[in-house]
J.: 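Here it is, the structure in full.
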Amino acid sequence: SQMHEARKCLEVLNHSIQRNQLDPELMIRRRELNLQLENKIREGLIDTAFEEAETLISQDSEDYRAWNNLGLIYWYKNDMVEAIQCFVKSIKINSWYTDAILNYYDCALLTGQIETFEPVLNQCILLAPGNEELIQVRKEMILGQWPERLSNYQNVQSEVSHEKEKLKEANELIQRQEYDQAVLILTDLMQSGKELAEAYNSLAIISFYWGNHADAWSLVRKSLSLSPLNVDALLNLWDIALQTQQEEEAREVLLSALEMDPTLLEIDKIVKGGLL
């Protein structure tokens with residue numbers, strides 16, 4: 001919303017004045033880099049986002065927005081301890097930065113560390129007594145209420161846990177060559193209309209074993225469109241390409257993945273002509 005963006009601009013300005021560093025071009029450039037980083041987090045490109053966040057911080061250890069984004073990445077990795085440390089670092093650099101305060105609040109609730117969070121909140125409210133979002137947090141704490149967004153988060157986490165269990169079950173069936181049963185589980189998972197990269201990859205494996213190489217190719221490409229850095233899917237793509245004479249097209253996909261994450265050593269070996 002416009003109010004949300006205006007608040008963010010004010011937070012940047014307050015911090016820049018505090019640092020005596022009013023360089024509009026630098027502020028805009030850092031903002032754009034962090035926006036790109038946030039888009040990668042939303043797209044699920046966590047490994048790439050992690051590297052970019054660390055690069056931003058190495059360039060400017062006082063980039064509070066990058067510290068907050070690094071905290072979000074650790075959150076997605078289910079490392080709440082590191083996530084909280086990053087949010088705290090972000091707040092220490094810029095105590096006006098509401099996003100980091102709210103993220104710390106959410107993590108504190110999820111990990112039972114609300115007593116540690118409370119003095120941080122009080123200090124931030126003293127600094128910005130008109131911040132309605134922080135006032136709302138204090139009200140929720142007094143009333144013992146959880147924010148709606150966390151209820152949604154818990155529901156999502158429960159759904160993700162269910163999906164992981166079903167995918168694990170399907171992959172175990174594939175290993176036992178019980179393909180028909182695995183297909184039933186995978187198609188049932190996708191009945192809701194939700195597109196799961198791992199499910200497409202597993203279906204590609206089954207199609208490959210059944211000799212349906214064209215279907216296997218389409219399915220693994222779909223998987224990689226959703227999760228382009230999935231090493232298992234990239235290796236499956238190459239195996240299928242060898243059977244369908246599509247090595248050049250597959251190599252382009254592998255090269256694109258390597259550009260996003262140069263640490264994919266198995267993929268790098270294939271691209272350079274090595275044998276696995």
Side-chain angles (χ1 to χ4, degrees), residues 1 3-42 45-111 113-138 140-141 147 149-150 153:
S1 69
M3 285 297 292
H4 184 71
E5 286 305 311
R7 187 207 73 200
K8 280 183 175 290
C9 290
L10 181 60
E11 290 167 354
V12 171
L13 187 60
N14 284 336
H15 176 63
S16 299
I17 292 171
Q18 186 184 51
R19 292 178 74 187
N20 194 26
Q21 190 183 70
L22 284 169
D23 182 342
E25 288 187 9
L26 178 62
M27 290 161 63
I28 291 170
R29 186 162 66 251
R30 300 296 294 188
R31 177 179 180 274
E32 290 302 315
L33 288 170
N34 272 291
L35 281 172
Q36 292 173 23
L37 172 58
E38 287 156 17
N39 285 334
K40 285 187 171 64
I41 295 172
R42 279 191 288 271
L45 303 175
I46 301 303
D47 291 335
T48 306
F50 182 81
E51 288 183 11
E52 290 189 12
E54 290 207 313
T55 299
L56 285 175
I57 290 167
S58 70
Q59 293 169 349
D60 180 4
S61 62
E62 298 289 293
D63 189 336
Y64 59 89
R65 190 163 176 170
W67 278 108
N68 179 62
N69 285 328
L70 185 59
L72 287 173
I73 292 166
Y74 276 118
W75 187 338
Y76 283 115
K77 287 173 172 283
N78 289 318
D79 189 341
M80 291 296 191
V81 173
E82 287 291 341
I84 287 175
Q85 289 179 0
C86 291
F87 296 141
V88 169
K89 178 70 174 177
S90 177
I91 296 164
K92 283 182 178 177
I93 297 168
N94 184 355
S95 297
W96 286 276
Y97 190 39
T98 307
D99 283 0
I101 301 165
L102 294 177
N103 288 332
Y104 181 16
Y105 170 52
D106 290 352
C107 278
L109 283 170
L110 291 169
T111 57
Q113 298 184 50
I114 202 68
E115 290 181 4
T116 307
F117 168 75
E118 189 170 7
V120 176
L121 174 66
N122 291 336
Q123 288 176 355
C124 293
I125 289 177
L126 282 174
L127 195 65
N131 189 320
E132 293 182 3
E133 288 179 274
L134 300 189
I135 299 300
Q136 177 62 29
V137 167
R138 178 179 274 171
E140 288 171 355
M141 288 172 61
R149 64 180 174 275
L150 276 193
Y153 171 78

J.: Spell out, as yes or no, whether a donor-acceptor pair under 3.5 Å connects the side chain of W67 to the backbone of S61.
T.: yes
J.: If you look only at pairs with a residue in residues 69-79, which of them pass as a salt bridge (charged side-chain N to carboxylate O under 4.0 Å, His left out), with sequence neighbours excluded?
T.: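 For residues 69-79, and leaving out neighbouring residues, the salt bridge (charged side-chain N to carboxylate O under 4.0 Å, His left out) pairs sorted by first residue read D47-K77.
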J.: Could you pull out all residues at least two apart from K40 that satisfy salt bridge (Lys or Arg N to Asp or Glu O under 4.0 Å)?
T.: E52
J.: Which pair of non-hydrogen atoms, one from V137 and one from L121, has the smallest distance, and what is that distance?
T.: CG1-CD2, 3.7 Å
J.: Under the side-chain contact (heavy atoms from CB on, under 4.5 Å) test, which residues partner T111, sequence neighbours left out?
T.: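 T111: side-chain contact (heavy atoms from CB on, under 4.5 Å) contacts with M80, I84, Q113.
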J.: State, yes or no, whether a side-chain contact exists between I73 and I41 at a heavy-atom distance under 4.5 Å.
T.: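 SC-SC contact between I73 and I41 confirmed.
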J.: Report the distance from atom CZ of F87 to atom CG of D106, rounding to the nearest 0.5 Å.
T.: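 Here the rounded value is 8.5 Å.
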J.: Among all residues two or more places apart in sequence or in another chain, which pass the side-chain contact (heavy atoms from CB on, under 4.5 Å) test with L33?
T.: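 Result, side-chain contact (heavy atoms from CB on, under 4.5 Å) vs L33: R29, Q36, L56.
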J.: With a 4.5 Å limit on heavy-atom distance, are the side chains of P147 and L109 in contact?
T.: yes
J.: Partners of L35 by side-chain contact (heavy atoms from CB on, under 4.5 Å), sequence neighbours excluded?
T.: R31, E32, E38, R65
J.: Could you measure the distance from the SG atom of C107 to the CD1 atom of I114? Nearest 0.5 Å is fine.
T.: 10.5 Å
J.: Quick one: CD1 on I91 to OH on Y64, what's the gap to the nearest 0.5 Å?
T.: 13.0 Å
J.: Please round to the nearest 0.5 Å and tell me the distance separating atom CZ of F50 and atom CD1 of I46.
T.: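 These two atoms lie 11.0 Å from each other.
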J.: Taking it one step at a time, do E62 and N94 satisfy side chain to side chain contact (heavy atoms under 4.5 Å, CB included)?
T.: CA-CA 9 Å; E62 298 289 293; N94 184 355; over 6 Å; no
J.: CH2 of W75 to CG of N69: how many Å apart, nearest 0.5 Å?
T.: 13.0 Å
J.: Using the test side-chain contact (heavy atoms from CB on, under 4.5 Å), find all partners of E132 that sit at least two apart in sequence or belong to another chain.
T.: none
J.: Using ring pair (Phe, Tyr, Trp, His ring centres under 6.0 Å) as the criterion, list what pairs up with F117, not counting sequence neighbours.
T.: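 In terms of ring pair (Phe, Tyr, Trp, His ring centres under 6.0 Å), with neighbours along the sequence ignored, F117 is linked to Y104, Y105.
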J.: For Q123, give me all partners under side-chain hydrogen bond (donor to acceptor under 3.5 Å, both in side chains), at least two apart in sequence or on another chain.
T.: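 Per chain and number, Q123 pairs via side-chain hydrogen bond (donor to acceptor under 3.5 Å, both in side chains) with no residue.
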J.: Restricting to pairs with a member in residues 113-122, which pass salt bridge (charged side-chain N to carboxylate O under 4.0 Å, His left out), not counting sequence neighbours?
T.: none
J.: Rounded to the nearest 0.5 Å, what's the gap from OG on S90 to CD1 on I101? Could you check?
T.: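 Answer for the OG-CD1 pair, S90 versus I101, is 8.5 Å.
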J.: Go through L72 and N103 one step at a time and tell me if the side chain to side chain contact (heavy atoms under 4.5 Å, CB included) criterion holds.
T.: CA-CA 8 Å; L72 287 173; N103 288 332; 3.8 Å; yes
